[in-house]
4 protein chains.
Amino acid sequence: MSEERARGGPRQASAIFAATLELLAERGYDGLTIESIASRSGVNKTTIYRWWPAKDAVLAAALVHSDLLAFAMPDTGSLRGDLLALARAITQLLTAEQTAPIVATVLAAAPRRPELAAVARTFFAERLSREQPMFQRAIARGELQTTADPAMIMDLLAGAIWFRILLRDQPVSPDYLSGAVDLVLQGAAAAH
Amino acid sequence: MSEERARGGPRQASAIFAATLELLAERGYDGLTIESIASRSGVNKTTIYRWWPAKDAVLAAALVHSDLLAFAMPDTGSLRGDLLALARAITQLLTAEQTAPIVATVLAAAPRRPELAAVARTFFAERLSREQPMFQRAIARGELQTTADPAMIMDLLAGAIWFRILLRDQPVSPDYLSGAVDLVLQGAAAAH
Amino acid sequence: MSEERARGGPRQASAIFAATLELLAERGYDGLTIESIASRSGVNKTTIYRWWPAKDAVLAAALVHSDLLAFAMPDTGSLRGDLLALARAITQLLTAEQTAPIVATVLAAAPRRPELAAVARTFFAERLSREQPMFQRAIARGELQTTADPAMIMDLLAGAIWFRILLRDQPVSPDYLSGAVDLVLQGAAAAH
Amino acid sequence: MSEERARGGPRQASAIFAATLELLAERGYDGLTIESIASRSGVNKTTIYRWWPAKDAVLAAALVHSDLLAFAMPDTGSLRGDLLALARAITQLLTAEQTAPIVATVLAAAPRRPELAAVARTFFAERLSREQPMFQRAIARGELQTTADPAMIMDLLAGAIWFRILLRDQPVSPDYLSGAVDLVLQGAAAAH
DNA sequence: CGATAAACGAGACGGTACGTCGCGTCTTGGT
DNA sequence: ACCAAGACGCGACGTACCGTCTCGTTTATCG
């Protein structure tokens, strides 16, 4: 029952994925070439093409296979604490030296790259679904109205962080984060 | 005293810029090549390289030169109306057939491309400064507290729209927009 | 055991060589470009660069591969006859419609082009060594002194023809050839 | 009566010619570009094109204008001495550091470059005519038969040297030169 | 255990685009 | 009238990866 190789991948899939993410971090999306992945992972170019149609697909597979997209769902006892923890995790993802280039790259390529777009979409959808319990706990605690829209709350919070870091290129301070969380929470608390 | 050509650009700059944006919309960022710009604009490749070092620079110049980044600052009489108008304009920009491919592609590519990042940064900074009167009017009307942070409000609103359309790939309905505006406004209205 | 392709050359080497010599004859040395060779031979430019670093190398290989540099060593029974045959062959090479443009161009370019110079040097060295039997037969027949220097004799004879055709641009008549052969032979016959 | 500028040339012709020959010696024929001549001579590219159609023409004019092609006709008192002096001068021209690259270059380009070919042809023709007195003196002294062909003698001698240096890439020793002169002289002396 | 099919290594190839160089033409403006 | 300055179209350069394609050589699974 050697499960070492999943269906639909080459024998050295792990080496390929590792090389892919290394190179992506080192040289950026454009510096990431199939040939460099092949060379770095000690695999022949043909082998990669046998399994994936293009470098985006390799990258998508590498991301899914990696734990870069994994994140712990917080449970601090209060919605404010949970949202703050999430906001900090997002900020971390977008600024940490190892993850920032990868995440920026994937999002940049996503709009025109179905594979990467699918990864992003799936990631965010799954994330939202995993956030549901957090909001249900908050409702149970009376911290949130039943009518509140968790997706919108996360859009506002996560969007502000993404927007500020990637597009406005402005720092995201702890104060900014707590201010944004407060604003959104108070806004959601107000009756419709 | 024909001042027809600004300093630092080729004679057919306009044709080059037009071709650049057309091709960007048609083929996406990676499909946009210097040779295709040259061919489409009826200009020689060499001429483009004489003036810009890389395609990002051409693209940045084309964006600055275009009116895509122009936008009217609303003045509806209420902050809610103004923010809603802005939110609609942003949504429009990101979804309209002519602008969406260009804007989405540029914004997506910006984090990895210094020139494009600079354009985005400048654009958003200028935009924010032009939004100041809108917030000052709201404060004068008593719709907003003096302590409110306009930048954060715009980050939340614009970020949510951008995030939802480009990353989560979800529709942005009029109800969603007004809901988001309300949430943010009520959140900002609550005391700190 | 198909030995069809010699080591160190592309699969369509012959087509490339043929195109190279054709184009050299048609357009001269400077008009001979890698791109034109690629186009004419139906091979991609990249393929040529994969195997040769520059056009001189292609040209050198084409020359070596061709039979332009092949020549039959005469054996007419007398040194005078042999030298006359050689002189005629050289003249022919430098004036015949098919060979003249190629040979003249190559010889002219040789001094400035290491690869071509090497081809010329090798060719003339090999040629001289193949001429040795001719001179030995002449010595055996008593037509030539043992002290005579075959290399000098050939330098004088070949040099005169080459000089006259390529540099002085003057015709080389049969009378001129036999006159030159006679002069050299009689000079060589005289005691030192 | 300022004759400083000949008809059909720009004001800075001398600077252009000097730059041309310098660059030719420094960088070879291919490294000699119109743009580099213009830059070195402090003249605009346009000016050069106004007067000469291509770099060959500039080079031809520069050579004619220079004294590189000048040579003194020897008069040593004997034909053998005169020929030896000529042979040494030719060898010098082909091997001296300053002249060798220029001469090799011109001859290399000549076959396909009418301007340069004309320069070469003119040079050799004029040279031969200036050699006539040398042969007439020899005939007057009884060193040479009336029937001897001076052109052929010079073809053999000069051709051997050119051939040996440029094509066979072999050294030309003093012994070689005197041997060649002796051989040719004795051959010419023998009756037809 | 040995056949056989999948996976792989090696690398030549056609192709697109890159960014650069020098050519020769042209226009403009200044002596 | 001549020239400096320099933009321009053009052709070729040599390079980098792309994705495709044989062609043998492992592997590893199964009869």
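Atoms considered below: every heavy atom in the structure, side chains included; atoms not considered: hydrogens, waters and symmetry mates. Letters go in sequence order (proteins before strands), and every chain restarts at 1.
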- Query: Heavy atoms under 4.0 Å, any strand shown: does D/Thr33 hit a base, just sugar-phosphate, or nothing?
  - Reply: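 Counting heavy atoms under 4.0 Å across all strands, the contact made by D/Thr33 is with sugar-phosphate only.
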
- Could you tell me whether A/Gly42 contacts a base, only the sugar-phosphate backbone, or nothing, with contacts defined as non-hydrogen atoms closer than 4.0 Å?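 A/Gly42: backbone/sugar contact only, no base atoms under 4.0 Å.
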
- Report the C-alpha distance between A/Ser36 and A/Thr33 in whole Å, list the side-chain angles of each, state the deciding distance to 0.1 Å, and finish with yes or no for side chain to side chain donor-acceptor pair (under 3.5 Å). CA-CA 5 Å; A/Ser36 66; A/Thr33 67; 3.0 Å; yes

Under 4.0 Å: is that the gap between some side-chain N or O of [X] and OP1 or OP2 of [N]?
X       : N      : result
A/Thr47 : E/dA7  : no
A/Ser36 : F/dC17 : no
D/Trp51 : F/dC2  : no
A/Gln12 : E/dA7  : no

- Query: How far does CZ of A/Phe17 sit from CD of A/Gln12, to the nearest 0.5 angstrom?
  - Reply: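 One gets 11.5 Å once the value is rounded to the nearest 0.5 Å.
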
- Query: Nearest nucleotide by nearest heavy atom, which residue falls closer to the 5' end of DNA chain F, D/Asn44 or C/Tyr49?
  - Reply: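 Checking each residue's closest nucleotide, the 5'-ward one belongs to D/Asn44.
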
- Message: Using a distance-only criterion (donor-acceptor N/O pair, under 3.5 Å, no hydrogens), is the base of E/dA10 paired with the side chain of A/Thr46?
- Response: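 Yes, a donor-acceptor pair under 3.5 Å.
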
- Message: Counting distance alone, no hydrogens or angles: does the base of F/dG9 have a donor or acceptor under 3.5 Å from a partner atom on the side chain of B/Lys45?
- Response: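 By the distance-only test, no, there is no pair.
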
Gap between atoms [atom1] and [atom2], on [X] and [N] respectively (whole Å):
X       : N      : atom1 : atom2 : result
D/Ile48 : E/dT25 : CD1   : P     : 14 Å
C/Ile37 : F/dA12 : CD1   : C1'   : 12 Å
A/Trp52 : F/dG19 : CH2   : P     : 14 Å
D/Ile34 : E/dC21 : CD1   : P     : 18 Å
A/Asp30 : F/dC18 : CG    : P     : 11 Å

- Task: Using the side chain to side chain donor-acceptor pair (under 3.5 Å) rule, pick out the option among D/Lys55, D/Lys45, D/Arg40 that qualifies with D/Glu35.
- Result: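 Only one option passes, and that is D/Lys45.
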
- Item | Criterion side chain to side chain donor-acceptor pair (under 3.5 Å) on A/Tyr29 and A/Asp56, from CA distance to verdict | CA-CA 10 Å; A/Tyr29 183 78; A/Asp56 299 314; 2.3 Å; yes

- Message: Given 3.5 Å as the limit, does a donor-acceptor pair link the side chain of B/Thr122 with the main chain of B/Ala118, or not?
- Response: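 Confirmed, B/Thr122 side chain pairs with B/Ala118 backbone.
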
- Query: Considering heavy-atom distances to DNA chain E, does B/Arg50 or C/Arg50 have its closest nucleotide positioned more toward the 5' end?
  - Reply: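 The residue mapped nearer the 5' terminus is C/Arg50.
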
- In terms of the nearest nucleotide of DNA chain E, which residue is placed more toward the 5' end: C/Val43 or B/Lys55?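 The 5'-side residue here is C/Val43.
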
- Message: Measuring from the side chain of C/Glu35 (C-beta onward, heavy atoms only), which nucleotide among F/dA4, E/dT25, F/dA12 has the closest atom?
- Response: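 Within the option list, the nearest is F/dA12.
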
